[in-house]
Amino acid sequence: MIQTINEQIDKFLSSLPEINNSQIISIKERSATTLTDDLKKGHATSNVCMIAASILKQNPKDLAVKLASIMEKSEKYENVESAGPGFINVTLKREDFVSTIKQINDNPKEFGTSKDGENKSVQIEFVSANPTGPLHVGHGRGAAYGDAIGRILSSCGFRVEKEYYINDAGRQIDILTASVYVRIHQDSFKDFFPKNAYKGSYIEDIAKAFKKINSTKSIRDIHLYTAQLPEDDEKEIDALVFRIKDFDSQWSDIKDFALNSVLETIKEDLKLFNVSFDHWFYESSLGDMADKNSKISLAIETLKSKKLAFEEKGAIWLDTSESGDDKNRVLIREDERPTYFASDVAYHKNKIDRGFDKLINVWGADHHGYIKRIEASISGLGFNKDKLDVQLVQFANLFKDGKKVKMSTRSGDFYSLKDLIQDIGTDAARFYYLSKQADQHLDFDLNLATSDSKENMFYYIQYAHARIFSLLGKYKNSNTNMPSSPDSIINGSYKKCDKLIHEISRYPSILKRSSLSLHPHLIIFYLKDLAHTFHSFYNDNPVLTESEENLDSIILCLDAVKSVIANGFELLGIEPMEKM
RNA sequence: GCGCCUGUAGCUCAGCUGGAUAGAGCAACGGAUUUCUAAUCCGUGGGUCAGGAGUUCGAAUCUCUUCAGGCGCGCCA
């Protein structure tokens, strides 16, 4: 219907005297026809006359009056009038206005979806937490966000691939391995445990599991390992790693075992959290610098051949000056080990080589300083850096009984994602993680998420869905078939559902905005408004005692409302409740 | 010091590529239940949109600036 209105507006614009094509294009770009925010203004509204007035130096009100009278004469609408400073407000004919109900009920799951992203592929990389321990609540927000934008983009027709990048090649994995190693041989190490090793109880579990299926020899001369370790916490663990690698051939078995154990845990937690990945990318698959044909060597070589990577002070640097980064960055250290950045350069090259139209990285906001240098590497490798879209996710502060919960993996003293799921459930957790724009700080009150207080928006929306589900159940008890047509709403004898119909008609535009901005929270706020409109209707209007004709109409309308709530929740990865 | 983000009601936050009287929930106060789930609804009060300047027919929204807060500025990951 909006399309029909726009067609008439186009015709009107071209009919104006002394207007040229570029002016028309510019007016169309800047103006918009949308559904109104209030039924008092009719169903649809356009600001085109005000935009046109400013470009053509004419009076907006005059243009609006002219356009309104042309549209009115076409008899395509119930009513058209100019309003305020120059808006055009359109009241649709009832059959057009009500058609949304039929559209939804004919194909509930399709409603709101689009083909905007047809033939475009997007890769979303998110979570990518170091595989050194279970996911904690600090990872939850990025997990919920990445998964949600994946669902939203899919529903808008994009081909979406979700990927987890596993840092299995660096120092952190060595520390993990050493931590497990000491636990395996704790009898020999006595009460020694490195200060900077991973202390969580899961390390002992992994050690136990390893011993169960592998034979381990006790260490004869423990002093070889522990004598004269450096005082410094960081140097101590590095030295220990070095010695274990040197003395014990079991190192790489333990390393693989520990990595796989942790990854299994992470995968289980993500599954519980209703987050799925299409692809798990191992950093180690990029190879190492010793191999001239490895992905990482080739990426660095390319940069060198373009004179963007250069040697200085024994290290190899990337020139990032063009991208606005404040200093050049080291790719290969003095001791020839590549930095994390070097892996990332090769990884991003690989992602682009795989042919995606767009790459979305979901990063913790503390990594924002990293964006410029990655962009520099992408441009340096000869690609368009606009292919990469980095979405930053701010930390969420979680409060339990008024106290902030901890989330440090190293100390082992943390509130895991699994704990959170057990405490409040996947759906409430996802809901609150997504309830605020991702790049802003979020205070997340766990007590609120499970409370039955009025403040708990999650249950407020769920309750609307459950109430409709219950009503439909009662209707079905006394009627074998669903009604065929909302006749009394179409003929205008029953108008109490109009606000609801207007509200559900807005859903496709909300989804579109959400997909363009990558903001799932828009859907949450929309659902809250829809739930409010429903609760208000429900309170004022007993449904089941209505006349048969009205009841049929209401049931069809509420069924559509229920579908829209379910669709919105689906995009957030949340299961709608059928009863509470 | 430099870079990024933020500042809207007592609290927690919405507010679209600039648009009609700045919204919601909580808290406060006053109401609604012989009726489909009261985890609900209705009403009242509460705002110099941090301050200032600019662009515009029109600014919470865009630009500049001041103030306040958060984060980041490793041959860590």
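What you see below is based on every heavy atom in this structure, not just the backbone, and it leaves out hydrogens, waters and symmetry mates. In what follows, every chain begins at residue 1, and chains take the letters A, B, ... in the order their sequences are listed.
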Would you indicate which nucleotide in [options] comes nearest to any side-chain atom of [X]?
X      : options             : value
A/K436 : B/U17, B/A14, B/G72 : B/A14
A/W317 : B/C36, B/C71, B/C75 : B/C75
A/T339 : B/U40, B/C36, B/A77 : B/A77
A/Y460 : B/A20, B/C41, B/A77 : B/C41
A/A83  : B/G19, B/A77, B/A20 : B/A20
A/Y340 : B/A77, B/G19, B/C36 : B/A77
A/D540 : B/G19, B/C41, B/C36 : B/C41
A/M50  : B/U40, B/C36, B/G19 : B/G19
A/Q440 : B/G74, B/G19, B/U6  : B/U6
A/A32  : B/U17, B/C41, B/A77 : B/U17

If you measure from the [atom1] atom in [N] to the same atom in [M], how many Å do you get, rounded?
N     : M     : atom1 : answer
B/A9  : B/U66 : P     : 24 Å
B/G52 : B/C11 : C1'   : 28 Å
B/A28 : B/G46 : C1'   : 10 Å
B/A32 : B/G69 : P     : 48 Å
B/G25 : B/A60 : P     : 23 Å

Please give, in whole Å, the distance from [N] [atom2] to [X] [atom1]?
X      : N     : atom1 : atom2 : result
A/N456 : B/G25 : CG    : P     : 15 Å
A/I524 : B/A24 : CD1   : P     : 19 Å
A/K61  : B/G19 : NZ    : P     : 18 Å

* To do: State whether A/R333 places a side-chain N or O below 4.0 Å from either non-bridging phosphate oxygen (OP1 or OP2) of B/A77.
  =>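 Yes, such a contact exists.
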Between [Y] and [X], does any NZ, NE, NH1 or NH2 come within less than 4.0 Å of an OD or OE carboxylate oxygen?
X      : Y      : value
A/K372 : A/E375 : no
A/E578 : A/K562 : no
A/K66  : A/D62  : no

- Residue mapping more 5' on RNA chain B - nearest nucleotide basis, A/K327 or A/N47: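 On the 5' side of the pair lies A/N47.
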How is A/N89 classified with respect to the nucleic acid when contacts are heavy atoms under 4.0 Å: base, sugar-phosphate, or nothing?
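Answer is base: heavy atoms of A/N89 come under 4.0 Å of a base.
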- Message: Students often get this wrong, so: under 4.0 angstrom with heavy atoms, is A/F341 touching a base, only sugar-phosphate, or nothing?
- Response: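 Result for A/F341 = nothing.
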Secondary structure of RNA chain B per the Watson-Crick/G-U criterion (both distances under 3.5 Å; [ ] crossing, | other strand, . unpaired) is (((((((..((((.....[...)))).(((((.......))))).....(((((..]....))))))))))))....
Check step by step if ring-ring contact (aromatic ring centres under 6.0 Å, His included) holds for A/Y145 and A/F126. CA-CA 9 Å; A/Y145 176 75; A/F126 63 112; 8.7 Å; no
Aromatic contact, A/F534 with A/H465 (centres under 6.0 Å):
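No, the ring centres sit 6.0 Å or more apart.
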- Message: Using 30° and 60° as the class boundaries, would you call the ring planes of A/F569 and A/F431 parallel, tilted or perpendicular?
- Response: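 Rings of A/F569 and A/F431: perpendicular, over 60°.
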(message) I'd like to know whether A/F281 forms a ring-ring contact (aromatic ring centres under 6.0 Å, His included) with A/Y164, so could you lay out the CA-CA distance, the side-chain angles of the two residues, the decisive distance to 0.1 Å, and finally the verdict.
(response) CA-CA 6 Å; A/F281 189 97; A/Y164 189 118; over 10 Å; no
Item to complete: Take A/H136 and A/H139 through the test ring-ring contact (aromatic ring centres under 6.0 Å, His included) and record every step on the way to the result.
Response: CA-CA 6 Å; A/H136 55 67; A/H139 300 118; 4.0 Å; yes
